[in-house]
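Below: one structure, written as structure tokens.
Residue numbering restarts at 1 for every chain, and letters A, B, ... go by the order of the sequence lines. Predicted model, so just to flag it, every value in this text is computed and none were measured.
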Amino acid sequence: MSIQHNNKFQEIISHAKEYGFVFPSSEIYDGLSAVYDYGPYGAELKKNIRDYWWKSMTQFNDNIVGIDAAIFMHPTTWKASGHVDNFSDPMIDNKDSKKRYRVDHLIEAKAEELALEGKKEEEYELLKKMDEYLAADDFVALKNIIEEYKIKCSVSGTSNWTDIRQFNLMFKTEFGAVAADNAEDNIVYLRPETAQGIFVNFLNVQKTARMKIPFGIAQTGKAFRNEIVARQFIFRMREFEQMEMQFFVRPGTEDEWYKYWKNERLNWHLSLGLPKEKYRYHDHVKLAHYAKEACDIEYEFPIGFKEVEGIHSRSDFDLSQHQQFSKKKQQYFDNDINPETGKAFGNYIPYVIETSIGLDRMFLLVLSNAYEEETITKEDGSTDTRIVLHIPAKLAPVKLAVLPLLKKDGLPEIAQQLMADCKPYFKCFYEEKDAIGKRYRRQDAIGTPFCVTIDHQTKEDNTVTIRFRDSMKQERIAFNKVRELVMQNL
RNA sequence: GCGGAAGUAGCUCAUUUGGUAGAGCACAACCUUGCCAAGGUUGGGGUGGCCGGUUCGAGCCCGGUCUUCCGCUCCA
């Protein structure tokens, strides 16, 4: 990351705070690491992004419906999904190389080494101890093993280790107000992804909304991950919001649908007028346990190319797992005729294509792309700078600012009429204090695409000045055309 | 977690060797004001991140602690 880019990122963070987009969480108590709150304009922008996504999924696609599943889920959900077993490993760091290892990997590597030296008994002994201590969560004993066998870091070659720490991806909490006999019985997790809420409702949705494959289920909502290092402003947070759509398809057609959604999702981004050259696909080579194919849509943030959205071909992994753990069939009966056999496709577990976008990351994307510190040359040749957010009008927190040129001569009254006229249709902002130029610049700073000024001429011919954010150009239009003009751009 | 940097008004920053904190912007009120942040007057606002030490006296020196940022590390 260059210093220049770094500065731009800092400026965006400062701007976000100063103008009420994003605040550090619990700031009066010195903040909570990697947790942020959205302020008045941030909440509007975030909501507008969410709504735009939701509409593009559930309104523009006849075969996609939405749900809103709970954050709490039955704990077995996470055993089935693989989150419990795959994300609770003890870790240890080498202080010299700064490299982090999974403790079991480290010890197993040593055992293998012993085996190669022909010390079969020692190998067996070591692995037996390890399993015993792992099962007991005895980190002190595990570290003793590492020291006893003089296990070294392959990078630094030293045995300078930190203490062992448990890495838990999922946040745990207690469910129910009364303690259970066995404390473990009361544990529920805060979901680390929204997808499982869709999978466990697959049959409910399919039956009640009478969906036929191929079809999709969309959902937006909070998810929680206890990241080891969560940083970079709202890019990686421990509490974040996902917008996910799981698309269920007939086995054998997954490649075609994967390509379809890969293409479709990038087009969604471009439909907002975001610059194509800042986007790229990143195809995964190393795949997660459930994935058949996977790619990320990356965007060039001020901190470099980073993932905004993932498209994954998840096979029938999730539904199969839930079928196995719940002992409830997760199958679909496909009445369509298979041209090869002349019979219906019959019962099967559908394959899934997932599109998963981080709402907070999308927010940061929009903000990063919108932010500009512009140098403008005035009529007298002198230069000035203005800070402007070129937020797409569809997403802008405030659509229209209504500004009486003077706070007298009946101009505020006329302005209030316009407010009343537009308020029911989109978010408006009214202001009558300070010089007009200052008011324009304040609207630029929060990304308001249109400003309308009411002046004395308005009283004579019912026209107003409309001023455009990006070009700073002004036009005279009829008072009663303002609402229409703004709505055309939303 | 390791290394580095920084915490003074809402924001950006001053306060030369230790002597009971200041500016600009922002905010509020009034006046002024015909179109791109720059008119005037007045006003509100700070236990200097927190705790302790040295000193007659600490925003400044020392120690600890917390938080944030950057780099490394990790990342479904």
Side-chain angles (χ1 to χ4, degrees), chain A residues 1-3 5-7 9-11 13-15 17-20 23-34 81-83 86-87 89 91-102 155 160-165 167 169 192-193 195 223 225-233 235-236 284 286-291 294 296 303 306-307 310 312 314 317 354 356 374 376-379 382 384-388 403-409 411 433-445 451-458 464-469 471-476:
Chain A
M1 193 193 308
S2 74
I3 289 166
H5 284 166
N6 192 352
N7 285 346
F9 196 54
Q10 288 313 314
E11 282 167 20
I13 294 169
S14 301
H15 189 84
K17 189 184 164 200
E18 191 176 350
Y19 286 91
F23 308 126
S25 161
S26 330
E27 201 185 7
I28 61 168
Y29 294 109
D30 289 329
L32 185 62
S33 186
S81 71
H83 285 83
N86 290 338
F87 289 100
D89 308 305
M91 316 283 277
I92 192 165
D93 292 5
N94 184 276
K95 288 181 187 170
D96 299 314
S97 66
K98 319 285 186 204
K99 191 125 176 65
R100 172 166 291 145
Y101 295 90
R102 272 174 60 171
V155 177
N160 190 10
W161 299 105
T162 62
D163 284 340
I164 293 172
R165 291 180 303 273
F167 166 58
L169 177 88
E193 63 176 22
R225 290 184 195 176
N226 211 351
E227 302 280 355
I228 303 169
V229 177
R231 239 181 235 172
Q232 291 175 314
F233 193 41
F235 187 81
R236 178 169 290 114
H284 288 202
K286 241 176 86 181
L287 296 171
H289 63 263
Y290 55 75
D296 297 335
I303 48 175
K306 300 274 183 185
E307 176 188 355
H312 296 228
R314 294 179 76 124
F317 176 83
E354 167 186 277
S356 174
E374 190 182 54
I376 49 180
T377 308
K378 294 185 189 174
E379 284 177 12
S382 65
D384 191 11
T385 59
R386 72 160 181 158
I387 291 179
V388 52
L403 316 168
L405 189 60
L406 297 178
K407 198 170 32 173
K408 60 180 183 185
D409 302 335
L411 300 185
K433 71 187 295 275
D434 289 321
I436 190 70
K438 200 180 254 188
R439 283 182 271 169
Y440 283 155
R441 296 300 180 87
R442 275 203 282 261
Q443 293 307 310
D444 290 340
C451 293
V452 157
T453 303
I454 284 65
D455 58 15
H456 288 104
Q457 195 185 327
T458 310
V464 295
T465 305
I466 187 159
R467 181 261 194 189
F468 301 94
R469 176 193 67 199
S471 63
M472 296 172 72
K473 294 231 167 72
Q474 306 186 122
E475 273 175 32
R476 252 332 307 151

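As rounded to the nearest Å, B/rU20 and B/rC25 have P atoms that lie 27 Å from one another. Taking the P atoms as reference points, B/rU73 lies 28 Å from B/rG7, given to the whole Å. A gap of 23 Å separates the C1' atoms of B/rG52 and B/rG46, to the nearest Å. Comparing the P positions of B/rG45 and B/rA9 gives an interatomic distance of 15 Å, to the nearest angstrom. Rounded to a whole angstrom, the distance from the P atom of B/rG59 to that of B/rU17 is 15 Å. Atom name C1', nucleotides B/rC35 and B/rC30: the rounded distance is 24 Å, in whole Å. Nucleotides B/rU16 and B/rC60 have their P atoms positioned 13 Å apart, rounded to a whole Å. Spacing between B/rA5 and B/rC51 at atom P, rounded to whole Å, works out to 25 Å.
Residue A/K438 has a polar side-chain atom (N or O) positioned under 4.0 Å from OP1 or OP2 of B/rA38. OP1 or OP2 of B/rA29 has not a single side-chain nitrogen or oxygen of A/K433 nearer than 4.0 Å. The phosphate of B/rC74 has neither OP1 nor OP2 within less than 4.0 Å of any side-chain N or O from A/R225.
In this entry B/rG46 has no Watson-Crick or G-U wobble partner, no candidate having both defining distances under 3.5 Å. Pairing for B/rC2 is with B/rG71, a Watson-Crick or G-U wobble pair whose two hydrogen-bonding atom distances lie under 3.5 Å. Nucleotide B/rC30 is matched to B/rG40 when pairs are restricted to Watson-Crick or G-U wobble geometry with both distances under 3.5 angstrom. Base pairing analysis places B/rG7 opposite B/rC66; the two distances defining the Watson-Crick or G-U wobble pair are each below 3.5 Å. In this entry B/rA21 has no Watson-Crick or G-U wobble partner, no candidate having both defining distances under 3.5 Å.
By the 4.0 Å N-to-carboxylate-O rule, A/E374 lies too far from A/R469 to be salt-bridged with it. Under the 4.0 Å criterion applied to side-chain N and carboxylate O atoms, A/D434 and A/R442 are assigned as salt-bridge partners.
Listed candidates were B/rC75, B/rA37, B/rG34. Nearest to the side chain of A/R441 is B/rA37. Candidate nucleotides B/rC75, B/rC11, B/rG34 were compared by shortest atom distance to the side chain of A/R236, and B/rC75 ranks first.
Looking at heavy-atom distances under 4.0 Å, A/R439 makes no contact with the nucleic acid at all.
Under the 4.5 Å side-chain criterion, counting only non-hydrogen atoms from C-beta, A/L403 is not in contact with A/I454.
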